[in-house]
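Okay, so here's the structure we're looking at.
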Amino acid sequence: MSRLPPRLWLSLAAISGAIAVGAGAFGAHGVADPTARSLLSTGASYQMSHALAVFACAAVAALGGERAWSAAPLFLAGAALFSGSLYALALGAPRWIGAVTPIGGLAFIAGWIVLAFATRAIAPRPAPPV
């Protein structure tokens with residue numbers, strides 16, 4: 001398990017979700033360039049889905065898959081790197097920043113793999129009697 005308390009990961013996920021909403025709104029209403037809009041939209045979508053994935057970590061951990069908390073930092077780091085690099089590109093950062101995007105994508109993939117393995121610790125429930 002991560003050394004940080006679960007409530008901190010959940011707070012960070014909520015903040016990440018708020019940033020995703022802000023980035024998506026900015027892309028929809030504050031940017032005229034279609035490429036920048038697309039970058040902001042893609043970044044916001046991935047950031048929001050992975051903020052919610054941290055909440056899925058809490059659900060899996062509550063069911064007995066305590067190792068799910070190891071996926072939370074991967075999801076949030078992925079959001080910072082993947083979505084953050086897209087936001088930076090949308091705001092005019094140099095193109096080399098785009099080289100960071102796949103690293104964030106790899107963190108997302110690693111997080112999902114860790115979460116999948118964490119579910120293996122969940123004890124099966126007996127079938128209800130018929």
Side-chain angles (χ1 to χ4, degrees):
M1 179 175 156
S2 166
R3 301 233 186 255
L4 299 176
R7 68 179 185 196
L8 178 60
W9 290 115
L10 294 172
S11 294
L12 292 171
I15 292 166
S16 184
I19 292 168
V21 171
F26 181 63
H29 304 291
V31 177
D33 178 56
T35 301
R37 276 186 183 208
S38 177
L39 290 168
L40 289 165
S41 176
T42 299
S45 175
Y46 276 80
Q47 185 169 9
M48 180 59 76
S49 62
H50 289 88
L52 294 173
V54 175
F55 285 91
C57 292
V60 171
L63 292 171
E66 190 64 25
R67 288 189 177 184
W69 286 117
S70 298
L74 292 166
F75 290 141
L76 293 175
L81 296 169
F82 183 91
S83 298
S85 63
L86 294 181
Y87 300 155
L89 288 169
L91 297 173
R95 288 179 49 107
W96 65 264
I97 293 291
V100 173
T101 309
I103 298 168
L106 289 173
F108 287 151
I109 293 167
W112 286 110
I113 292 169
V114 168
L115 188 57
F117 278 103
T119 63
R120 295 176 49 85
I122 298 172
R125 291 187 176 166
V130 178

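These numbers come from the heavy atoms of this one structure, side chains and all, not from hydrogens, waters or symmetry mates.
Taking hydrophobic clusters as Ile, Leu, Val, Met, Phe, Trp and Tyr residues chained together by side-chain heavy-atom distances below 4.5 Å, Val54 shares a cluster with Leu4. Linking ILVMFWY side-chain heavy atoms closer than 4.5 Å, directly or via other members, places Leu63 and Trp112 in a single hydrophobic cluster. Taken together through direct or relayed side-chain contacts under 4.5 Å among Ile, Leu, Val, Met, Phe, Trp and Tyr, Trp69 and Ile122 form part of one hydrophobic cluster. Note on Leu52: it does not cluster hydrophobically with Val60, by side-chain heavy-atom contacts below 4.5 Å among ILVMFWY residues.
You'll find the side chain of Met48 reaches within 4.5 Å of the side chain of Val21, heavy atoms only. The shortest side-chain heavy-atom distance between Phe26 and Tyr87 does not fall under the 4.5 Å cut-off. Residues Trp9 and Leu76 are in side-chain contact: their nearest non-hydrogen atoms beyond the backbone lie under 4.5 Å apart. Leu8 is listed as a side-chain neighbour of Pro5, based on a closest heavy-atom distance under 4.5 Å. Thr119 has its side chain out of reach of Arg67: every pair of non-hydrogen atoms, C-beta onward, lies at least 4.5 Å apart.
Note that the OG atom of Ser83 and the CG atom of Leu40 stand 10.0 Å from one another [nearest 0.5 Å]. With rounding to the nearest 0.5 Å, the separation of CG in Leu74 from CG in Leu115 is 10.5 Å. For the atom pair Ile15 CD1 and Leu10 CG, the distance stands at 11.0 Å (nearest 0.5 Å).
Residues Ala13 and Ala51 share a closest heavy-atom pair of O-CB, 3.3 Å. Between Ala99 and Pro102, the shortest heavy-atom contact is O-CD, 3.3 Å. For the residue pair Ala68 and Ala118, the shortest heavy atom distance occurs at N-CB, 3.4 Å.
Under the side-chain hydrogen bond (donor to acceptor under 3.5 Å, both in side chains) criterion, the residue pairs touching residues 15-43 are Ser16-Gln47, with sequence neighbours excluded.
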| request: Please assess Leu81 against Thr101 for the test side chain to side chain contact (heavy atoms under 4.5 Å, CB included), listing each intermediate value before the final yes or no. | output: CA-CA 6 Å; Leu81 296 169; Thr101 309; over 6 Å; no
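In the hydrophobic clustering (ILVMFWY side chains linked at under 4.5 Å, chained through shared members), Phe82 is joined by Leu39, Tyr46, Leu86, Leu89, Trp96, Ile97, Phe108.
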